[in-house]
Amino acid sequence: DRCASVRASGMAVLDLEHDPEAAVEAIALQAARADEEDRAEVICLGCGGMAGLMERVRAATGVPVVDGVAAAVTIAEGLVRMSLSTSKVRT
């Protein structure tokens, strides 16, 4: 109920590396459509190959964008800072 939509850029992962400009255009198009048609309030990039495109997609759309790889690393860093690890209670 919190997800406005799931959209695909239509690009293969390797295409993201070979033509980053086309990737940004394709992602920004779907991000803009999600914003306009689905009332999405934030765009979450769902592929590791899209890492590093966050600012360019945000600039193209004006919509907040989350880089999934950067978000995952930030969460992992926070867990380490909190000295948390995998539970050993049942092992």
So E37 and R7, salt bridge (Lys or Arg N to Asp or Glu O under 4.0 Å) or not? Walk me through it. CA-CA 12 Å; E37 297 172 13; R7 294 179 174 268; 3.0 Å; yes
Carefully, step by step, assess L45 and V65 under the rule side chain to side chain contact (heavy atoms under 4.5 Å, CB included). CA-CA 7 Å; L45 301 178; V65 178; 3.7 Å; yes
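C3 and V6 make their closest contact through SG-CG2, 3.9 Å (heavy atoms, listed as atom of the first residue, atom of the second, distance). For the pair A60 and A28, the tightest heavy-atom approach, listed with the atom from each and the gap, is CB-CB, 3.8 Å.
Electrostatic pairing of R56 and E25 does not count as a salt bridge here, judged by no charged N lying under 4.0 Å from a carboxylate O. A salt bridge links E55 and R58; the closest N-O separation between the charged side-chain nitrogens and carboxylate oxygens is under 4.0 Å.
Residue S5 holds its OG atom at 8.5 Å from CD of Q30, rounded to the nearest 0.5 Å. Once rounded to the nearest 0.5 Å, the distance linking NE2 of H18 with CE of M11 reads 10.0 Å. Expressed to the nearest 0.5 Å, how far CG of L16 lies from OG of S9 amounts to 6.0 Å.
Contact of the L53 side chain with the D67 side chain is not registered, since no non-hydrogen atoms from C-beta on lie closer than 4.5 Å. Using a 4.5 Å heavy-atom threshold, the side chains of P64 and I43 count as separate. Proximity of T61 to D35: side-chain heavy atoms (C-beta onward) are nowhere separated by under 4.5 Å. M54 is not listed as a side-chain neighbour of V66, based on a closest heavy-atom distance of 4.5 Å or more.
Counting side-chain heavy-atom gaps under 4.5 Å among Ile, Leu, Val, Met, Phe, Trp and Tyr, the cluster of M82 also holds I75, L79, L84.
Hydrophobic clustering (ILVMFWY, side-chain heavy atoms < 4.5 Å, transitive): L29 and V57 are in distinct clusters.
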